[in-house]
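Excluded from the calculations below are hydrogen atoms, water molecules and symmetry mates; all remaining heavy atoms, backbone and side chain alike, are included. In what follows, residues are counted from 1 in the order of the sequence shown.
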Amino acid sequence: MRRKIDKITIKEVRVLGSYGKMYHYRDTSYSLRKLSKDVKKSDATAIAIAALFLSQILTPNSVLIPIPQSSGNAEYTLELANAIRMIRQDCIVTDILSGMPRKKLYDIKKERASLKGVKTGLKVKGNADCKETLQSNTNIFLLDNVLNTGFTFNRARQALKKYVKIEPSLLAISATSNWINHN
């Protein structure tokens, strides 16, 4: 299913649910918001739980590309992708995107500043040996913890344009109500 948000086309979005949705793990209830935040803190338990759930909604034989954080590197998203790979051994993790360090998008939005003009510097790493993998696979997922505006996804998608023949999909733990309400 294609979705369009402010000129951002997303082939398919797979999320565990809305940011406020509850999930149950070992007789306890948690919100996906807490899970998303704990993954962002590189909490090993949260990463394992998120990987378990995301591995169940992932298409077989997928390529996972972790989206870099504000540091310019994929950190917690890479940990999450590798945890999914341990569960779903039919998946490939390709850490090929990097960016320039920048202010966190959350902080920019909190200041009520526009995301227009924000530079992520996202690009395919110079030493990335991934062309064949990306061009031969139709199940490419960009991996992030939360989908809010689609800004980071769009920048990652643009960086991959010359490497992928198809539009990548998005795999995330949760999507905010802001994003869900626009669709």
Checklist outcome for this item: Correct closest heavy-atom pair for Ala172 and Leu147 would be CB-N, 4.3 Å
Item to check | Straight-line distance of Ile84 CD1 to Leu143 CG, nearest 0.5 Å | outcome: 5.0 Å
Next on the checklist: Quick test of your reading: applying ring pair (Phe, Tyr, Trp, His ring centres under 6.0 Å), list the pairs with at least one residue in residues 56-79, sequence neighbours left out, ordered by first then second residue.
Outcome noted: none
Next on the checklist: Ignoring hydrogens, what is the shortest heavy-atom contact between Pro66 and Val93? Give both atom names and the distance.
Outcome noted: CD-CG1, 4.5 Å
Item to check | Minimum heavy-atom distance Leu32-Ser174, with the two atoms named | outcome: CB-CB, 4.0 Å
Checklist entry - If you take all heavy atoms of Ala156 and Leu97, which pair is closest and at what distance? => result CB-CD1, 3.7 Å
Item to check | Ser62 side chain to Leu64 backbone, donor-acceptor under 3.5 Å | outcome: no
Checklist entry - Where the side chain of Arg33 meets the backbone of Lys37, is there a donor-acceptor pair that is under 3.5 Å apart? => result no
Checklist entry - Rounded to the nearest 0.5 Å, how far apart are CE of Met22 and NZ of Lys34? => result 10.5 Å
Next on the checklist: Test: side chain to side chain donor-acceptor pair (under 3.5 Å). Region: residues 41-57. Which pairs qualify, not counting sequence neighbours?
Outcome noted: Ser42-Glu79
Next on the checklist: Test side-chain contact (heavy atoms from CB on, under 4.5 Å) on Met86 and Asn82; report intermediate values, then the result.
Outcome noted: CA-CA 6 Å; Met86 290 179 68; Asn82 286 328; 5.8 Å; no
Checklist entry - Is it the case that Arg157 and Asn154 place a side-chain donor and acceptor less than 3.5 Å from each other? => result yes
Checklist entry - Which is it for Lys40 and Ser36 under the side-chain contact (heavy atoms from CB on, under 4.5 Å) test, yes or no, and what are the steps along the way? => result CA-CA 6 Å; Lys40 195 171 188 168; Ser36 298; over 6 Å; no
Checklist entry - Rounded to the nearest 0.5 Å, what separation is found between the OG atom of Ser70 and the CE atom of Met100? => result 12.0 Å
Next on the checklist: Taking Ile67's backbone N and O only, do any of them form a donor-acceptor pair with Gln69's side chain (distance below 3.5 Å, no angle check)?
Outcome noted: yes
Item to check | Contact summary for Asp90 and Pro60, nearest pair of heavy atoms | outcome: OD2-CA, 3.1 Å
Checklist entry - Given side chains that start at C-beta, do those of Glu12 and Leu170 come closer than 4.5 Å, heavy atoms only? => result no
Item to check | Minimum heavy-atom distance Pro168-Leu142, with the two atoms named | outcome: CG-CD1, 4.0 Å
Checklist entry - Can Val39 and Ile49 be said to form a side-chain contact (heavy atoms from CB on, under 4.5 Å), step by step? => result CA-CA 9 Å; Val39 165; Ile49 293 168; over 6 Å; no
Next on the checklist: I'd like to know whether Asp95 forms a side-chain contact (heavy atoms from CB on, under 4.5 Å) with Asn73, so could you lay out the CA-CA distance, the side-chain angles of the two residues, the decisive distance to 0.1 Å, and finally the verdict.
Outcome noted: CA-CA 9 Å; Asp95 181 23; Asn73 299 309; over 6 Å; no
Checklist entry - Are any side-chain N or O atoms of Arg14 and backbone N or O atoms of Leu171, one a donor and one an acceptor, separated by less than 3.5 Å? => result no
Item to check | 4.5 Å side-chain heavy-atom contact, Phe141 and Thr59 | outcome: yes
Checklist entry - In Å and rounded to the nearest 0.5 Å, what is the CG to CD1 distance from Asn145 to Ile173? => result 5.5 Å
Checklist outcome for this item: Interatomic distance, CD1@Ile47 vs CG@Leu78, rounded to 0.5 Å, equals 9.5 Å
Next on the checklist: Any side-chain to backbone donor/acceptor pair from Thr94 onto Ile65? Under 3.5 Å, distance only.
Outcome noted: no
